[in-house]
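Below is one structure, written out as structure tokens; the observations come after it.
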Amino acid sequence: MQDAVQIYYKEDVHNNDDEIEIWSKANQWQPLELRDESRGQLANKDGGKLFDDDRQLKCMRSVGKYVLQQIGKKLLCGDMNLTRISFPIKAMIAKSALEKNLLSAINFPLYVNRASKMQQPLEQLKLVITATISSFYTNLSFNKPLNPIIGETVEGTMNDGTQLYAEQISHHPPISQFYCIGPNYKYFGNYWFEASAGLNSITLRNRGKRTVVFDNERIDYNFAYEQYSGTIFGKMRVETLGQSIYKTSSGLEAVIRFGEVKGKPSDYFVGVIRQDGVDICKIYGSYMGFIEFDGVRYWDHRQNHPFKITFKEPTLESDAQLRGDYVNLKNQNFDKAQEQKELLENVQRNDQKLRQRYKEFMMKQKQETTEKEEIEKVKQSLKQM
């Protein structure tokens with residue numbers, strides 16, 4: 001294998017403030033005075049985040065023909081679930097999707113810690129929305145992580161003391177559960193992906209849910225969806241589209257619509273916060289630039305400082321970092337990584353067959369038990385006649 005994405009992959013630079021510095025920033029946080037609608041350098045003119053690494057792009061597209069063949073075979077068989085496609089290792093990076101899922105918390109040390117010190121549900125909701133949407137600027141990515149194996153785990157920490165855990169709990173559909181314990185809050189939920197493909201695009205829908213819990217409030221919200229275009233030719237970009245809905249235990253509801261702002265690139269969004277069906281706050285911004293509530297700026301890309309998540313050294317045999325394909329891909333031993341990936345996939349397929357057989361066996365046992373109980377009831381009725 002001559003070339004692979006891992007050769008060109010670079011870790012994002014994250015803020016490594018210590019606990020005292022984090023809390024100082026959280027306690028002193030105030031809305032920004034900025035008013036212009038600036039967007040980041042990687043913002044595509046039509047919307048979304050642009051992929052501009054030519055070497056990595058060339059490498060990714062070198063496996064495009066193979067992936068299209070796999071997609072074609074599945075569609076001809078009537079299988080529309082593209083999450084079952086096996087990507088070649090050269091198109092992937094040495095990270096588990098479980099690790100990537102936990103990166104949704106990279107801005108929590110500032111905004112959610114700030115929210116945890118407040119008792120106003122409206123302000124808490126604004127800050128959770130800010131922490132979530134602002135992470136898109138960093139986390140929207142073109143790097144394909146390794147698909148987790150059922151039972152696979154990861155553990156991480158952040159410098160404010162937050163503990164993060166994730167586990168793959170289902171093979172098909174692929175569902176990842178996560179649980180984070182912050183200093184004064186809890187954050188948990190699941191990722192449940194479905195993928196579909198067009199001629200030059202891939203759409204990734206997440207059916208999962210997320211929840212943030214404070215002492216005085218609970219906030220539940222869903223995911224919008226991601227669309228990757230230019231996957232085979234043209235400029236490659238990724239967009240977040242659709243809508244996100246946030247609901248709180250105090251009766252607040254926020255509805256945010258992405259890609260529907262007339263005359264603006266698709267990364268712009270609009271929304272509203274309602275109390276008992278009455279609009280009380282307008283939401284406006286771009287995940288490639290800024291976030292505002294009633295014209296007050298809570299986040300700006302020019303002051304974006306995501307916090308570092310450190311993934312712990314493995315303490316469980318199920319840790320993703322111990323996977324053979326993960327280890328070999330990280331060390332750029334690509335042929336061995338491909339072998340290990342195929343081995344793990346075959347083990348998963350066999351386990352799935354065993355689970356299906358067991359399910360069928362238990363259903364048959366239940367049916368036979370029910371039939372025996374019905375026969376026994378008939379016998380008892382005849383005896384009483």
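This one's a predicted model, so the numbers in the text were calculated from it and none came from an experiment.
By the 30° and 60° cut-offs, the orientation of the rings of Trp29 relative to Tyr111 is perpendicular. Taking the six-membered ring where the residue is Trp, Phe223 and Tyr191 present tilted rings, their angle falling between 30° and 60°. A perpendicular orientation is assigned to the rings of Tyr137 and Trp299, their planes being inclined by more than 60° (bins at 30° and 60°). Between Tyr298 and Phe293, the angle of the ring planes goes over 60°, which puts this pair in the perpendicular group of the 30/60° scheme. Ring geometry, Tyr284 versus Tyr268: the interplanar angle falls from 30° to 60°, so the pair is classed tilted.
Phe188 has its ring centre no less than 6.0 Å from the ring centre of Phe178. Checked against a 6.0 Å centroid threshold, the rings of Phe51 and Tyr228 do not count as neighbours.
One finds the CZ atom of Phe136 at 8.0 Å from the OH atom of Tyr287 (value rounded to the nearest 0.5 Å).
In this structure, Glu313 places its CD atom where only 12 or fewer heavy-atom neighbours from other residues, nucleotides or ligands lie under 6.0 Å away. Within a 6.0 Å radius of CD in Glu360, other residues, nucleotides and ligands contribute more than 12 heavy atoms. Atom CG of Leu354 has more than 12 heavy atoms from other residues, nucleotides or ligands within 6.0 Å. Around NZ of Lys330, the count of heavy atoms belonging to other residues, nucleotides or ligands within 6.0 Å does not exceed 12. Shown here is Gln41, whose CD atom has no more than 12 heavy atoms of other residues, nucleotides or ligands within 6.0 Å. With a 6.0 Å radius and a threshold of 12 heavy atoms from other residues, nucleotides or ligands, Lys336 has its NZ atom at or below the threshold.
Side-chain contact between Phe233 and Asn200 is present, with at least one heavy-atom pair separated by less than 4.5 Å. For the pair Arg237/Ser266, a side-chain contact is recorded, criterion being any heavy-atom separation below 4.5 Å from C-beta on.
Of all the heavy atoms in Val272 and Asp279, the pair that sits closest is CG2-CG, 3.4 Å. Closest heavy-atom contact between Ile256 and Ile133: CD1-CD1, 3.8 Å. Annotation for Asp267 and Gly48: closest pair OD2-N, 2.9 Å, computed over non-hydrogen atoms. Residue Ile283 comes nearest to Ala254 through the heavy atom pair CD1-CB, 4.3 Å, listed as atom of the first residue, atom of the second, then distance. In this structure, Pro121 and Glu217 approach most closely via the heavy-atom pair CB-OE2, 3.2 Å.
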Stepwise side chain to side chain donor-acceptor pair (under 3.5 Å) check, Ser96 with Glu152: CA-CA 9 Å; Ser96 169; Glu152 183 176 313; 2.8 Å; yes
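Among Val212, Asn216, Thr248, the one residue that satisfies the side-chain contact (heavy atoms from CB on, under 4.5 Å) test with Gln124 is Asn216.
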